[in-house]
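Below is one structure, written out as structure tokens, with a few remarks after it.
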Amino acid sequence: MSKNLVIVESPAKAKTIGGFLGKNFLVKSCMGHVVDLSKKDLGVDIEKGFIPNYIISPEKKKIVSELKKLAKDSEIIWLASDEDREGEAIAWHLIEALELHSAQTKRIAFHEITKPAILEAIEKPREIDKNLVDAQQARRVLDRLVGFELSPLLWRKIKPSLSAGRVQSVAVRLIAEREEEIKNFQSISSFRIVGEFIVKNGKKVSIVKAELNRRFSKKEEAIRFLEKCKSAEYTVKNVETKPSKKTPASPFTTSTLQQEASRKLSFSVANTMRIAQELYESGKITYMRTDSVNLSEMALALAKKEITGSYGPEYVKTRKYQTKTKGAQEAHEAIRPTYLNNKIIEGDRSQKRLYELIWKRTIASQMADAELEKTIVTIGISDNNEEFQAKGEIIKFDGFLKVYMESIDEDDSEGKEGILPPLTSGDHMEVDKITAQEKFSQQPIRFTEAMLVKKLEELGIGRPSTYAPIISTIQKRGYVVKEDRPGFTRNYTLVTLRNQKITEELLSENIGYEKAKLFPTDIGNLVNGFLVQHFANILDYNFTATVEEEFDEIAEGKLIWNKMISDFYFPFHKQIEGTLENTKKVSGEKLLGVDPQTGENIFVKIGRYGPMVQLGNTDSEQKPKFAGLKKGQSIDTITLDQALDLFKLPRKLGEYDASEVIVSIGRFGPYIFYKSKFFSLPKEEDPLSVTLERTIEIIVEKQNLENQKILKEFQDNGELIQVLNGRYGTYLSYKKQNYKIPKGTDPRLLSLEECRTIISTTQPSKSKTKKKK
DNA sequence: CAGTGAGCGAGCTTCCGCTTGACTT
């Protein structure tokens, strides 16, 4: 029996620390928060001064009772949750939930998981910081009040099951507004002039590209310029070289890791976090949910050793980074390899790639600057005030670039600066050709998941542990979709002067192709518009920053937490009530036109189940007809013809095997209805144009799959036992319960006797699909 | 999952942050 019980948040951490502390210490984890506000109601007693109603989270009951038992048998309980707002609250909740006495309880904290740091922490226990706990309570209660008062308002005014909150609603706003900017964006074109000069240097011939120091807005001006160039002479006017340097990026935080893994490896945010978690649990990297760029002294020393050994001492530069992020709490280190001498690791391909990225970033952050030399060559044109500029860049010393270079989101198709041949002032330049190419101004860039995380972090909204869940929430609620969208073709003019002749071509380029970008849906736009109109204060990009300042004041003991909440809540609640009374239900209804057949109005709007078209007025005597929009259609862009097409559903395609085949769109997308069964239509098929032949193929294919589903069947006292082949492998079905088949047994060879054993010895799998009535 | 949409009305939905498994048919 250990005399000491240490409680940390994560089991992987518990394992490591357990090794440092020896036999007298038992280290256990509580898996994060163990209590939360009651979910059944608001969970806050407003009248009594916003008293939170905490209950032990259902999934933590087992852990709490286990810890409680261990605590009873221990002399001292060391609460070692993270040293930030949430961690302090976890420690306090543990005291309450485990019913610990103050005499036997000590609060400790450490920022790095090394033996000396932990031993030092044990030497310096402290009390719970109640002010910090209060700051957390304020944060928690504010989020609950905002979320649980705004969401029901949306149910009443827009449609059921919608949600709103301090964080998610701002995330949706960012995406909706970006889309609006893109919609309103007017692309301006101008003509970019590039001269290509031939430079002979002994036997070596090279081409130097130089850009004119101005652009022309009209083609005529560009041609006039080229005309003048026909008879011109070109001379080097000036050669300017100046040194410059590049500095490595700071070590990874959650947010920057997500961004780089997205840019360099095309990982989704959720994927990056899943793989990072695997690396963390196998002890290969430090904790992956952090906002700190700090590296431990031990890591700095290891990095220095590794760089010296692999690249030489001139590549070493020990750097300590400062966190600039708003509201950072820095309870952990930056994300880095646990052992910097391991350049590669065992693991699957994704793990290896992510690890390599983390290794390179960490090592590079401790390396010397890259030293560059930039050259600008100015080329004058006789009888002309304009001049050409050629830019070159050479690397004098690669420094950290030997290992790693951070990527950027903007496309950098142009401006790659290479090496220039030696040129001196006064050199005569021989021109090969001069082009005037029409260039269009760039529309704003749509958000990828990782770019959204970056923006949220800049605004101080969300935490490392929530970036991935935020993205999944706003997609689950249907506010946002992540999609690839095809681009379009745009024509541009290219005018070329060569051998005294000017030619003009009309060329085309493909632009605007989007890969894995976030787009607002109709519902996202409608909800966002409603919230921005009526709750501009909550949707304000600075709302979080403002309340965070107040949380800080609470943490410093300068402000009472429920006073702060009270000051916020009452005006906010009035706003809710006012909106409830004074606004009508919103549906985004728009009159699209008139049905040529019946003369009835056609509307588009958001219905109970999403965007739909409506034929006929709601208040007319005849019941209006409804039809859902197809995937990819929007109430914003749908045309009258497309709307009319939707009313052609359900379509009777004909008969197969003496039964009717019908195609339509339902709650879960397009489907085929045949012999009272549903077959979903693959997404590449259009329900409006799919043929009878194709639907029969789909039906037959599905039926074949069904037939293969049953591997074996037995009758057992009149009850059916089936060995089935499902989406997640083979399983047993008996009396509507499913049973796992033990690993290592061939399901095809199972006998009735063996099936009986499995049923009697294994727990049936819980079905999550069970819905309460 | 299950293939609707007004009207009737009961009963449901919802927040953010901290942490991992269990387990889907």
Side-chain angles (χ1 to χ4, degrees), chain A residues 8-13 29-37 39 42-44 57 59-60 63 81-82 84-87 89-90 93 136 139-155 159-169 277 281 287 289 329 331 461-467 469-470 473 477 544 587 605-614 616-620 622-628 649-650 662 664-673 677-680 709 724-733 738 740 765-769 771-773:
Chain A
V8 296
E9 290 181 44
S10 127
K13 207 169 167 179
S29 64
C30 65
M31 310 271 194
H33 279 293
V34 293
V35 308
D36 192 16
L37 298 176
K39 262 197 170 78
L42 194 59
V44 180
S57 308
E59 73 273 18
K60 300 289 168 55
I63 293 163
S81 47
D82 297 344
D84 59 11
R85 200 162 65 202
E86 299 295 329
I90 288 172
H93 290 146
Q136 192 274 345
R139 199 279 304 152
R140 181 68 191 91
V141 169
L142 178 99
D143 283 337
R144 169 56 67 90
L145 293 172
V146 169
F148 274 38
E149 296 224 344
L150 273 182
S151 302
L153 183 67
L154 296 180
W155 306 343
K159 76 186 198 92
S161 303
L162 293 175
S163 67
R166 172 177 61 83
V167 172
Q168 60 168 288
S169 296
Q277 175 95 28
E281 282 173 10
Y287 197 58
R289 292 187 276 261
Q329 311 220 356
I461 297 171
R463 304 277 313 127
S465 66
T466 61
Y467 294 138
I470 292 164
T473 301
R477 299 267 172 273
T544 290
S587 68
K605 63 201 258 193
I606 305 271
R608 195 165 183 296
Y609 304 108
M612 62 174 188
V613 286
Q614 177 183 325
N617 290 10
T618 314
D619 50 8
S620 70
Q622 252 212 325
K623 186 185 152 184
K625 277 172 82 180
F626 301 95
L649 296 171
I662 296 168
S664 191
I665 299 179
R667 166 92 174 84
F668 304 100
Y671 64 94
I672 304 162
F673 188 70
K677 276 177 115 173
F678 295 95
F679 303 83
S680 51
K709 196 184 163 191
L724 299 175
N725 192 11
R727 199 149 59 102
Y728 301 96
T730 51
Y731 63 101
L732 273 183
S733 169
N738 297 329
K740 261 188 186 170
S765 314
K766 271 178 263 171
S767 84
K768 231 172 81 177
T769 56
K771 262 195 181 158
K772 266 191 248 167
K773 257 185 97 183

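Chain naming here is simple, since letters A, B, ... match the order of the sequence lines and numbering starts at 1 in each. Computed from a predicted model, the values in this text were never measured in an experiment.
The side-chain hydrogen bond (donor to acceptor under 3.5 Å, both in side chains) test applied to A:K60 returns no partner, not counting sequence neighbours. For A:Q329, there are no side-chain hydrogen bond (donor to acceptor under 3.5 Å, both in side chains) partners, not counting sequence neighbours. For A:S10, the side-chain hydrogen bond (donor to acceptor under 3.5 Å, both in side chains) criterion is met by A:Y280, not counting sequence neighbours. Residues meeting the side-chain hydrogen bond (donor to acceptor under 3.5 Å, both in side chains) test with A:R144, sequence neighbours left out: none. Checked against salt bridge (charged side-chain N to carboxylate O under 4.0 Å, His left out), A:D143 has the following partners two or more places apart in sequence or in another chain: A:R139, A:R166.
In this structure, the NZ atom of A:K60 is 7 Å from the C1' atom of B:dC18, given to the nearest Å. Rounded to whole Å, atom C1' of B:dG11 lies 11 Å from atom CH2 of A:W155. Separating the CD atom of A:Q136 from the P atom of B:dC16 is a distance of 15 Å, rounded to the nearest angstrom. Here the P atom of nucleotide B:dG17 and the CD atom of A:Q329 are 10 Å apart, to the nearest Å. When the P atom of B:dT20 is taken as reference, atom NE2 of A:H33 falls 13 Å away, rounded to whole Å. Note: CG (A:L142) to C1' (B:dC16) measures 10 Å, nearest angstrom. Atom CD1 of A:I90 is separated from atom P of B:dG17 by 13 Å (rounded to the nearest Å). Summarising the geometry, the separation between OH on A:Y671 and P on B:dG3 is reported as 9 Å, rounded to the nearest angstrom.
Of the candidate nucleotides B:dC15, B:dC18, B:dT20, B:dC18 has the atom lying nearest to any side-chain atom of A:E9.
B:dT25 and B:dA2 are spaced 16 Å apart, taking the C1' atom of each and rounding to whole Å.
For B:dC12, the OP1/OP2 oxygens have no side-chain nitrogen or oxygen of A:R608 closer than 4.0 Å. Between A:S465 and the phosphate of B:dC18, there is a side-chain N or O to OP1/OP2 separation shorter than 4.0 Å. For A:R140 and B:dC15, the shortest distance from a side-chain N or O to OP1 or OP2 is not below 4.0 Å. Applying the 4.0 Å criterion to OP1 and OP2 of B:dC18, one finds that A:R463 has a side-chain N or O inside that range. OP1 or OP2 of B:dT20 lies within a sub-4.0 Å distance of a side-chain N or O belonging to A:S10. Listed pair A:S163 / B:dC15 meets the phosphate criterion, a side-chain N or O lying under 4.0 Å from OP1 or OP2. Phosphate contact (OP1/OP2 of B:dG3, side-chain N/O of A:S664, threshold under 4.0 Å): absent.
Note on A:Q277: only backbone sugar-phosphate atoms sit closer than 4.0 angstrom, heavy atoms only; bases stay farther off. As judged by a 4.0 angstrom heavy-atom cut-off over every strand, A:G462 is placed among residues touching the sugar-phosphate backbone only. At a threshold of 4.0 angstrom between heavy atoms, the contacts of A:V146 with the nucleic acid are absent. Residue contacts shown for A:P624 are absent, as no nucleic acid heavy atom lies under 4.0 Å away. Nucleic acid contact for A:Y287: sugar-phosphate only, since backbone atoms but no base atoms lie under 4.0 Å from a heavy atom of the residue. Looking at heavy-atom distances under 4.0 Å, A:G32 makes contact with a base. At a threshold of 4.0 angstrom between heavy atoms, the contacts of A:D36 include nucleobase atoms, whether or not backbone atoms are also involved. Residue A:L150 is out of contact with every strand shown, counting any heavy-atom pair closer than 4.0 Å. Here A:A89 lies out of heavy-atom contact (under 4.0 Å) with every strand.
An aromatic stacking contact between A:F148 and the base of B:dC15 is absent, as defined here by ring centres under 5.5 Å apart and ring planes under 30° from parallel.
Using the six-membered ring where Trp is involved, A:H33 and A:H93 have ring planes that are tilted, between 30° and 60° apart.
At a cut-off of 3.5 angstrom, the base of B:dC16 holds at least one donor-acceptor pair with the side chain of A:R139.
The CZ atom of A:R477 sits 10.5 Å away from atom OG of A:S169, with the distance rounded to the nearest 0.5 Å.
Between the side chains of A:Q168 and A:S163, at least one donor-acceptor pair of N or O atoms lies under 3.5 Å.
Pairs of Watson-Crick or G-U wobble type, with distances under 3.5 Å, never assemble into runs of 3 or more in DNA chain B.
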From CA spacing to verdict: salt bridge (Lys or Arg N to Asp or Glu O under 4.0 Å), A:R289, A:D82: CA-CA 12 Å; A:R289 292 187 276 261; A:D82 297 344; over 6 Å; no
